[in-house]
Each structure stands twice: as structure tokens, then as C-alpha cells.
Amino acid sequence: MADQGRLDLGLSEPDPVPAAPELPPGSRVVRVLPDVAAIERSFDYLVPPAWAEDGRGDRLVVGSRVRIALAGRRVGGWVVEDNVVPPAGVELRSLAKASGLGPSPEVIDLARWASHRWAGRLNGLLGTASPPNVVESLPPRPARPTVPPATDTWAVRALEVQRSVVRLPPGADVLPLAVEAARKGDALILLPTVPAADQLALRLRGEGLPVSLAQREWARSAAGGLVVGSRSAALAPVGDLAAVVVVDEHDETYQEERAPTWHARDMAVERARRAGVPCVLTSPSPSLEALRWGELMVPSLEGERDGWPALDLHDRRDDDPVRSGLLGERLVDILRGSEGDPVVCVLNRRGRSRLLACDSCGGLVCCSEHQAPMIQEDADMLVCPVDGARRPQVCDDCGATRFRNLRAGVARIREELEALAGRPVLEVTGDTDMPDGGLGGHAVYVGTEAVLHRVRSAARVVFLEFDQELLAPRMRASEQAMALLIRAARLVGGRSDGGRIVVQTRMPEHEVLQAVLHADPGRLVEAESARRKLLNLPPWSALARVSGPPAEDFITALGSPDGVDLLGPRDGAWLVRAPGHDRLAEVLAAVERPKGRLRIEVDPPRA
DNA sequence: CGGACAAGCTGA
DNA sequence: CAGCTTGTCCGG
């Protein structure tokens with residue numbers, strides 16, 4: 001079959017074939033997509049005639065969850081098409097069981113669109129769109145709430161346009177926007193994390209609004225009212241969708257890491273477009289994607305200035321790189337608590353030293369054969385990262401045996417911070433357990449960026465080495481660096497409340513830092529937008545990263561379609577670049593997929 | 001995914 | 001050539 005390797009969007013068997021003669025007249029046949037990750041085809045089943053009499057037949061609609069016999073076992077699935085004419089020559093089996101409600105036809109169509117847009121399988125998306133347990137019927141629709149007239153005019157204005165991007169400073173409250181969305185009717189409100197969604201849901205309930213949590217309260221969401229949730233909520237049922245709000249649209253947690261790497265912001269935008277309802281994206285620093293899509297609105301420049309913390313740039317270019325290590329002298333007072341506690345220090349690295357300099361001559365300790373920086377394995381052995389050769393810890397140039405860390409990991413820096421602060425310092429990593437409400441009670445914390453998620457609040461956040469964020473070899477390095485500063489800003493509060501962030505850097509003129517310094521995210525946009533345009537990167541193009549053992553075959557099969565560049569291979573992966581997402585999706589879908597573990601990441605998160 | 005079946009390897 | 005592993009195909 002010619003399209004064997006292609007993705008089935010639940011609409012296979014396009015040729016109208018006469019029904020098999022053995023099918024009794026009046027039989028109802030439905031097309032079912034199995035809920036099995038590896039199966040991307042749909043199959044036809046007979047609706048048991050008995051169901052027509054007891055009402056089960058009426059409840060069976062496109063989207064319904066069913067159980068089917070497939071290759072000798074029972075699996076779940078979704079009805080993706082009703083009243084189909086099955087291809088000739090197949091002996092139909094009957095549906096084994098009806099297992100309740102599933103996504104609406106609108107959400108199925110949306111998922112189909114997403115499956116094409118992100119070149120991935122439909123059944124995973126339908127799984128996300130389905131209730132976690134069997135739902136036989138919906139609760140009654142909640143009474144329409146009486147929403148008090150809005151006091152925040154920006155929220156009203158934001159929902160008056162179909163596509164608006166609201167630039168709100170880090171500390172701003174989105175509650176007025178959610179309430180205003182509720183005035184429109186049933187609204188979908190997305191937040192980056194589940195705790196943030198839970199908290200907003202609680203506050204909206206406090207306002208007397210009917211709110212349900214997406215996924216966990218699937219049936220209530222489908223019945224009506226406000227639906228609040230994180231990424232997966234973009235596919236949640238909503239009664240009668242009247243508005244969509246995506247809070248902190250810049251946040252990368254909106255993108256699914258596994259293929260299909262769909263993005264909840266883009267999904268929500270498309271959902272609103274299809275429903276013809278207004279969609280509002282908010283962010284302290286809107287993404288280029290958002291700005292290209294909608295109309296930018298800045299409620300108050302004054303509010304924005306007050307809402308960002310002050311930024312202290314510690315320019316380290318004047319310091320002796322060898323002598324002063326990672327901790328500049330200006331940090332001492334902060335670490336000792338003279339500007340308030342707690343102090344949160346961020347260093348995006350794990351483990352111990354990666355880069356050593358001789359204490360007496362200042363030279364970098366490199367492998368004489370490969371010129372690569374040696375790694376300190378234990379107290380007195382060095383290891384070459386290229387071939388693993390070991391040698392004793394002695395400087396090649398001067399024979400000294402004392403070294404200094406230029407790139408200490410978090411574990412080492414904790415000890416140094418403790419010495420400098422003269423008080424205990426708690427190390428926080430991604431593995432550190434987080435108590436409810438976040439960590440508290442310590443005076444000084446140090447950790448990778450995970451520390452920004454785990455500590456409740458801070459008097460100061462110090463980025464010990466920010467340049468690696470600014471210079472990271474990733475397309476979105478600047479936006480990601482900005483996202484870190486936004487997180488930090490939320491821990492310390494706005495400048496009007498004394499909020500202050502400290503950044504040690506050798507690039508104080510970098511647009512990310514300048515944007516925060518002047519509480520003007522537009523400065524980042526100008527520079528970043530020009531750079532991306534020059535390099536023909538998103539949002540001025542659309543990218544997909546293709547990897548896995550069959551990647552080469554796939555790329556070869558793509559050929560050289562019009563307007564499409566193939567870049568690579570690099571680390572066994574290729575980049576496919578097209579002028580836009582329509583073209584990209586079209587090109588990726590046009591080719592048979594070689595078997596094997598092919599991974600296609602559209603909008604690759606780490607390109 | 002998981003079963004069916006076919007093609008390849010091993011051992012006496 | 002049985003008995004087993006490994007690979008490929010396919011499901012209504």
C-alpha cells in the first residue's frame with residue numbers, strides 16, 4: 001500500500017467501496033482509532049444491533065470511547081467517524097463495549113490539525129483530550145454567574161480584540177483577565193504549571209465563578225463554566241467556548257517534550273481561531289511568536305516599571321578571572337544578609353569542577369595531547385575528557401600543584417559561599433524534595449535553576465554566572481535567559497516593593513540584561529527579532545529536527561522540496577527548514593516514514 | 001502493542 | 001531437522 005508509512009489521521013480508506021454483501025442492511029459501521037501508541041491506523045467495526053434498542057447506540061458518537069477486539073485482544077479506542085462504508089473483503093467485528101464519553105468532534109478536529117502541524121500521532125493527543133476515567137454522562141450545566149463589572153480596563157480591552165498579547169510585568173495579577181473572560185461565557189484559561197492553575201482556580205471560585213480543573217474534572221469542564229489548567233488543558237473539553245487566555249505564554253513548559261512536541265499556546269490560539277472567539281496571551285516578555293501573531297498591549301508603562309525588580313549588574317570584566325573565582329567581592333554583604341534574607345544564588349551547573357586554572361601561573365590546565373581542559377576526578381587526579389587519560393595534578397607550565405576552580409559546580413560553590421557568608425548554605429537541585437508551598441527557613445540557598453522553582457520567596461536572587469545563559473548555543477538562549485530573570489523577579493517582587501536581582505556578567509550591555517534593567521522587554525524583541533530574521537530562524541521560518549536511526553533514510557526520501565532547506569547532520573540529527581508551518585507539515589507528511597525509531601520534533605525545543 | 005509466522009542459528 | 005532466537009508484518 002502506497003501510504004503505509006504515513007500518519008493516519010483517522011481518515012484512511014478514502015475510496016468509496018460498496019459494502020460487503022454479507023453486511024445486513026441497515027447496519028451501522030464506525031471507524032475506530034485504537035488507543036495503542038504503536039498503531040496509527042483506524043479500523044472499522046459494526047455497532048451491535050442490540051445497542052440501537054437500549055439507547056447505547058444513540059450515545060455512541062464521534063469521540064466516544066469504545067473497546068474493540070484487535071488482533072486477539074481487547075484495547076481501547078475512539079470513534080473517529082460514524083456511518084462509514086467499510087472496504088470490501090474485510091470481515092467486520094462488533095464493538096466490544098462502549099466506555100463513555102470522549103473528546104468532542106471539535107477537539108478531535110483540533111487534535112487532527114495538531115497531529116499534522118507537529119507531525120506526530122493522533123492517538124496520543126486524543127488520550128490527552130480524553131477523561132482519565134469513564135464518564136457516562138455530564139453533570140448539569142452550572143448556572144450562568146453574575147460577574148461584577150470589570151475595574152481593570154486593560155482586561156476589558158484585551159478581550160475586545162480577537163488576538164491580543166498583553167505585556168504584564170512579572171508580579172502582575174491575571175485574576176481580572178480571567179474574570180473578564182468569564183463575562184464572555186465559558187472560557188479556557190491556561191497556566192504553565194498545575195500548582196499555578198490550582199491556585200487561580202481556587203481564587204476564581206472565591207469570586208463565585210463556576211470553575212473546573214481541566215483533566216481532573218473532565219466531566220465538569222465539559223458541562224460548562226471556566227476551565228483552568230496547564231498544558232494538557234488546551235485539549236480539555238469546554239462547554240460553549242467563548243474566550244481563551246494563555247498566561248505566561250513565553251513559558252517553555254507549554255511545549256510537550258515527547259513527540260509530537262506540541263505547544264499549548266499554539267494549540268490554544270488555533271482552538272480560539274476555529275471557535276471564532278477572542279484569545280489573549282500574557283507574558284512579562286512576550287515571545288516573538290506571540291508578537292507576530294497578535295496585537296501588543298501594554299496596560300501601563302508605569303506599572304511595568306514598578307512591577308519589574310531593580311537589577312544590579314556586577315560587571316566582572318574588571319576582576320582578575322583567576323584570582324576572584326566565581327564569587328565577586330560585592331557579593332559579601334548580600335550573602336551576609338545585610339540586604340535581607342533569604343538570598344538565592346543560581347548556578348546552572350551540576351557536580352564538581354570542570355575547568356581548572358593553576359594557582360600560581362594562572363594557566364588553564366589542559367591535556368597536552370588534546371588541548372582539552374582536564375577534569376578533576378578526585379582530590380589529586382586529572383582526567384582528559386577526550387581519551388580518559390589520567391595524570392597527577394601538576395601544572396605543565398610551572399610544576400605547581402595548587403589549582404583554582406574557574407567553573408565550580410554547585411556542590412563546590414556551596415562550600416565557598418558558606419565560607420564567604422559565614423552561615424549555612426542549602427544546596428537545592430532538581431532532586432531536592434519540595435515541601436508544600438516551597439522551601440523556606442534557610443538564609444542562603446544555592447542551586448541550578450531548579451532553586452527558582454523550589455524556594456517560596458527571596459529578598460535577593462543572585463545569578464553567579466549569567467553569561468553561559470546568554471551565550472548558550474541555542475536559538476532561544478536569550479528568551480530562555482529572560483525566562484530565568486522573570487522567575488527570579490517573581491521571587492523578589494517588583495522594585496516598588498524593594499525587589500532586586502543581582503547578575504554577575506561580563507556582558508552588561510546584552511539586550512536581555514538591558515531589557516530588565518530598564519523594565520523594557522521591547523529592547524530584547526528588537527535585537528532578537530532582527531537576529532532571527534537575518535538567520536532565517538523562527539518565527540521567520542519553521543523548523544523540524546529529525547533524529548533516530550532511520551533519520552538519514554527519511555531525509556534522503558524528502559528530496560529537495562521547493563523552499564525547504566535541509567541542514568545537517570549534526571549529532572546524528574538533521575534540521576528541516578521551511579518558510580512556514582503549513583509548508584513544513586506538508587513536506588514532512590509527504591514522505592513515507594521508514595520503520596524504526598524516527599523522532600521528528602517540530603519547533604525543536606533545543607535547536 | 002503483542003501475536004503469528006518466517007527466516008536464520010545451533011547442536012547432535 | 002527440531003528447537004530456539006530474531007525480525008517483520010499486521011490487526012477491521
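Chain A is the first sequence line, chain B the second, and so forth, proteins listed ahead of strands; every chain is numbered from 1. All values reported here derive from a predicted model rather than from experimental measurement.
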**Message:** What's the closest nucleotide to the side chain of A/Asp44 if the choices are C/dG12, C/dC9, C/dG11?
**Reply:** C/dG12

**Any pair counted as salt bridge (Lys or Arg N to Asp or Glu O under 4.0 Å), so long as it reaches residues 122-136 of chain A, sequence neighbours left out** = none

**Request:** Verify the distance criterion only: is there a donor paired with an acceptor across the side chains of A/His581 and A/Asp603 at less than 3.5 Å?
**Result:** yes

**Asked** How would you label the contact of A/Ala37 with the nucleic acid (heavy atoms, under 4.0 Å): base, sugar-phosphate, or nothing?
**Response** nothing

**Item:** Positional range of nucleotides in DNA chain B within the contact set of chain A, heavy-atom, under 4.0 Å
**Value:** B/dC1 to B/dG2

**From CH2 (A/Trp293) to CZ (A/Arg265), nearest 0.5 Å** = 10.0 Å

**Item:** Integer-rounded Å distance: C/dG12 C1' and A/Leu92 CG
**Value:** 6 Å

**Message:** Does C/dG12 have OP1 or OP2 under 4.0 Å away from a side-chain N or O of A/Arg41?
**Reply:** no

**Prompt:** Would you say A/Lys595 reaches C/dG7's phosphate, i.e. side-chain N/O to OP1/OP2 under 4.0 Å?
**Reply:** no

**Item:** Interatomic distance, A/Arg73 CZ vs C/dG12 P [rounded to whole Å]
**Value:** 11 Å

**Lys/Arg-Asp/Glu bridge criterion (N-O < 4.0 Å) met for A/Arg292, A/Glu289** = no

**Prompt:** Is the gap between the ring centers of A/Trp118 and A/Trp113 under 6.0 Å?
**Reply:** yes

**Item:** Spacing of A/Leu70 atom CG relative to C/dC9 atom P, expressed in whole Å
**Value:** 18 Å

**Message:** Tell me whether A/Arg545 forms a cation-pi arrangement with A/Trp574, defined as NZ or CZ under 6.0 Å from the six-membered ring centre and within 45 degrees of its axis.
**Reply:** no

**Complete:** In whole angstroms, the gap separating P of C/dG12 from CZ of A/Arg74 amounts to 14 Å

